[in-house]
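Just below is one structure, and these are the notes that go with it.
Each ligand, and each atom within it, is numbered from 1 in the order the structure gives.
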Amino acid sequence: MLATSLVALAVLVPALTNAAAVVPRADPCAAIANQAFSVPSKALACLKSFPFNETLRQNVIANIAGVFDFYTFEDFYLDSPPPFQESTANIRAEIARINTTKFETDYDFNRAVYNFTTKLNDGHTRWFPNCYTSFQNLLPAPVVTLEENGVQSVFVAPDSTDLIPLVGTEFTDFFESIGFDWQRLAGARVLEIAGMDAYSYADLIASTESGNYLDHGVRVNSVFSSYRIVDTDFSQRFGDIGGPAFPDRDSLTFKLIPVNSTKAEVVTVPYLADYLGAPFTDQASFWTANCAANDETNGVDLKAAENQRKRQLPRRKMARASIIDIAPSNAVGLPSPFLPTLPPANGSTGVIKSFILPSKKTGVMFVGSFEGDFNQFQTDTDAAIKQFQASGVTHLLIDLTNNGGGFVCLGQFLHQYLAGSSIGNPGFQSINRANPLAQKILAADIALGLNEDLTFYTADNWAFLNNTEEPASHNYNNPSVPFKVNGVTSQNSQRFLDTCALEFIVETPTTPPFNLNNVAIVGNANCASTCAMFSTLMFERHNTKVAIFGGKPGLQMEYKGMAGNQVLEWTDLDDEIKTAGVDSDPLAPPDLLVNSNMRHNWRTAWSFFNENIPIAYKSELPQFRFAYTKDTYNNPQNLWTFAEQQLFK
Ligand SMILES: *[C@@H]1O[C@H](CO)[C@@H](O)[C@H](O)[C@H]1NC(C)=O
Ligand SMILES: *[C@@H]1O[C@H](CO)[C@@H](O)[C@H](O)[C@H]1NC(C)=O
Ligand SMILES: *[C@@H]1O[C@H](CO)[C@@H](O)[C@H](O)[C@H]1NC(C)=O
Ligand SMILES: *[C@@H]1O[C@H](CO)[C@@H](O)[C@H](O)[C@H]1NC(C)=O
Ligand SMILES: *[C@@H]1O[C@H](CO)[C@@H](O)[C@H](O)[C@H]1NC(C)=O
Ligand SMILES: *[C@@H]1O[C@H](CO)[C@@H](O)[C@H](O)[C@H]1NC(C)=O
């Protein structure tokens with residue numbers, strides 16, 4: 001029998017006949033193909049099945065080293081000032097370390113680059129290898145920090161019973177099939193996670209995996225589950241403990257006390273990996289679909305008409321400053337019992353949701369992001385505020401919870417709308433780096449007669465400090481301006497302002513629509529990029545009250561993070577390089593061979609309080625801190641009603 005089947009096999013698969021002793025290895029990617037959810041170790045086996053490749057390492061290392069030349073905060077990292085000292089790194093030494101470390105797999109190499117950039121804690125400056133960020137681990141027990149009877153503790157989110165089914169029956173069926181009862185964990189008080197005090201575990205994840213925000217306290221809030229808006233819908237984020245970015249843990253062990261129990265028990269909760277990538281059937285097609293560079297990976301010369309079509313030009317290129325959160329790819333909604341029950345005000349179909357609270361005294365704008373439709377954001381702001389005014393509203397509460405930023409000019413629009421156009425330029429003084437390649441790009445753009453239609457570098461993107469637009473022919477890198485920090489001097493551009501007012505389609509009021517003392521901001525400090533700039537403008541220029549919820553009890557927390565001025569994705573930077581025609585310069589980073597993105601913070605915004613300190617490094621604490629309760633952590637309307645009583649007494 002055995003001999004017969006071997007012969008039959010040899011006929012079917014002739015290649016095997018010469019290596020009859022070699023047992024063909026099962027394809028770990030084929031084993032999880034076409035599955036929405038996988039056991040994490042099986043997903044990881046697929047990711048780890050690609051061997052380390054020195055050619056790819058040299059390509060990636062050369063690319064990211066070249067991108068870091070443009071990073072405005074590089075020298076700050078050598079010794080980050082308190083309270084940001086955790087975010088200290090010698091960037092060039094880290095790159096050199098990763099360039100010489102021995103790695104077994106391509107995943108391990110990419111994970112090392114990912115870890116290094118994540119721990120810079122600047123969401124604008126990160127390595128995203130799409131190949132390996134194609135799963136999100138999900139736990140059927142996301143955690144929150146709540147105050148109960150005057151004491152704050154970590155809990156399994158009490159609304160888990162409503163939230164988890166929204167992930168889908170394929171998710172819940174898995175737990176049923178293994179007989180795991182996640183329902184009874186909802187609302188349990190968590191004493192320990194992974195054998196550590198629950199808040200210490202939150203600190204560990206905030207230090208090693210959350211990234212994005214310079215301030216540790218802000219990152220602690222990222223590990224917990226929280227409400228947000230994704231695109232234009234209410235959603236609930238799992239948090240970095242409940243929904244980490246890699247399928248590298250099969251389970252998490254909790255010591256917890258279930259609801260209505262007094263006895264602590266140890267429960268090991270399985271994760272399940274949610275697939276976010278493109279369809280595949282086996283290892284080779286996984287690589288093609290997710291890992292190999294494609295025609296979106298690298299930049300193009302925008303002088304060519306077909307490339308302008310590809311980038312949907314001549315729509316004006318608009319500066320962006322935003323977070324990339326892996327979690328929205330498969331976002332689940334906020335469970336319906338916790339959605340606002342008040343009727344939405346006018347202008348609530350986009351990223352802003354506005355309401356008038358039952359007191360009729362306070363209008364709320366939940367500004368979910370500064371993304372989406374650039375013009376609609378402006379018309380929605382106008383519509384909501386006009387309705388508030390027509391209804392006799394006197395106070396304005398702005399909720400910035402989990403606002404990941406977006407168009408730089410929409411942050412400045414909202415500031416100018418609320419502060420009145422008589423404030424002058426609504427933004428900050430700004431610079432980018434005048435490194436040797438940047439100098440060549442700008443000089444080449446000027447020689448080619450390019451302007452803001454095709455480039456971010458030309459000076460007509462900016463205004464002089466007297467708020468007149470610069471001519472495209474102005475070389476703001478000549479002379480460049482030295483800036484010294486941590487003993488290192490680098491060359492920057494001359495200072496300039498944004499020219500956002502040129503892009504506003506809604507006329508902003510000349511005087512503030514509400515007394516600015518009656519405007520307050522609430523949020524969870526996960527307020528990134530454009531959101532950080534908007535809230536800093538309100539705080540620094542109008543002393544706006546800011547109330548931050550959550551965090552670790554007793555630990556200081558900034559009210560925002562990720563406060564660069566503009567992010568460039570790798571494709572954006574490469575578009576600049578190729579459009580300027582300097583791509584064959586030895587300083588130009590090579591095209592990536594893999595489907596990845598090395599984004600970076602390209603511009604610094606200087607604090608209005610001290611124009612030698614970037615707003616990113618200016619420690620600013622909220623005037624108010626509140627704990628979440630089981631009534632407010634996932635219920636925006638309850639939170640707003642509470643905040644109104646506290647802030648507008
Ligand atoms: C390494 O990657 C390069 C670029 O994709 C490829 O040409 C080469 O075949 C790979 N080397 C090995 C040993 O797989
Ligand atoms: C990485 O190491 C290689 C030698 O292995 C060297 O040629 C290359 O310049 C190094 N890259 C960087 C960015 O240091
Ligand atoms: C990356 O960071 C994670 C989380 O701290 C850690 O478990 C993993 O070992 C790190 N991997 C590499 C390659 O540095
Ligand atoms: C806990 O006890 C209360 C009061 O008896 C009951 O209403 C509730 O359903 C119980 N909750 C759970 C999760 O058992
Ligand atoms: C709200 O929108 C409706 C429909 O567009 C409009 O008729 C109404 O005048 C608006 N209300 C205010 C106060 O602007
Ligand atoms: C604004 O500043 C620029 C550069 O210094 C100068 O050339 C221009 O004349 C100034 N414009 C006004 C209106 O003051």
Is the shortest distance from a Lys or Arg side-chain nitrogen in Lys578 or Asp574 to a carboxylate oxygen in the other one below 4.0 Å?
yes
Under 4.0 Å between a Lys/Arg side-chain N and an Asp/Glu carboxylate O for Arg92 and Glu74?
yes
When the ring planes of Phe355 and Phe234 are compared, do they come out parallel, tilted or perpendicular, using 30° and 60° as the limits?
tilted
Identify, for atom 4 (C) of ligand 3, the protein heavy atom at the shortest distance, and state residue, atom and that distance.
Glu209 OE2, 3.7 Å
Pick whichever of Asp106, Asn59, Leu56, Val594 has a heavy atom sitting closest to atom 5 (O) of ligand 1.
Leu56
Are any of the protein's heavy atoms under 4.0 angstrom from atom 7 (O) of ligand 1, yes or no?
no
Proximity to ligand 3 by part of Asp108, non-hydrogen separation under 4.0 Å:
backbone
Ring centroid separation for Phe648 and His395, is it under 6.0 angstrom?
yes
May I ask you to identify the nearest protein heavy atom to atom 3 (C) of ligand 3, giving residue, atom name and distance to one decimal place in Å?
Arg111 NH2, 3.4 Å
Test the Arg111-Phe246 pair against the cation-pi criterion, namely NZ or CZ under 6.0 angstrom from the six-membered ring centroid and within 45° of the ring axis.
yes
Does some side-chain heavy atom of Ser251 sit less than 4.5 Å from a side-chain heavy atom of Val269?
no
Distance below 4.0 Å between atom 11 (N) of ligand 5 and any protein heavy atom?
yes
Can you sort out which atoms of ligand 5 are near Ala390, meaning under 4.0 Å from one of its heavy atoms?
13 (C)
Pull out every atom of ligand 5 sitting under 4.0 Å from any heavy atom of Asn346, numbered as shown with elements.
1 (C), 2 (O), 3 (C), 8 (C), 10 (C), 11 (N), 12 (C), 14 (O)
Closer than 4.0 Å to some heavy atom of Gln387 - which atoms of ligand 5 meet that?
13 (C)
Whether Phe135 and Tyr275 hold their rings parallel, tilted or perpendicular, with breakpoints at 30° and 60°:
tilted
Please state which protein non-hydrogen atom is closest to atom 1 (C) of ligand 3 and give its distance, to 0.1 Å?
Asn115 ND2, 1.4 Å
If you measure from the Lys or Arg side-chain nitrogens to the Asp or Glu carboxylate oxygens, is any gap between Asp122 and Arg599 under 4.0 Å?
no
Closest non-hydrogen protein atom to atom 9 (O) of ligand 1, residue and atom name please, with distance?
Asn53 ND2, 4.8 Å
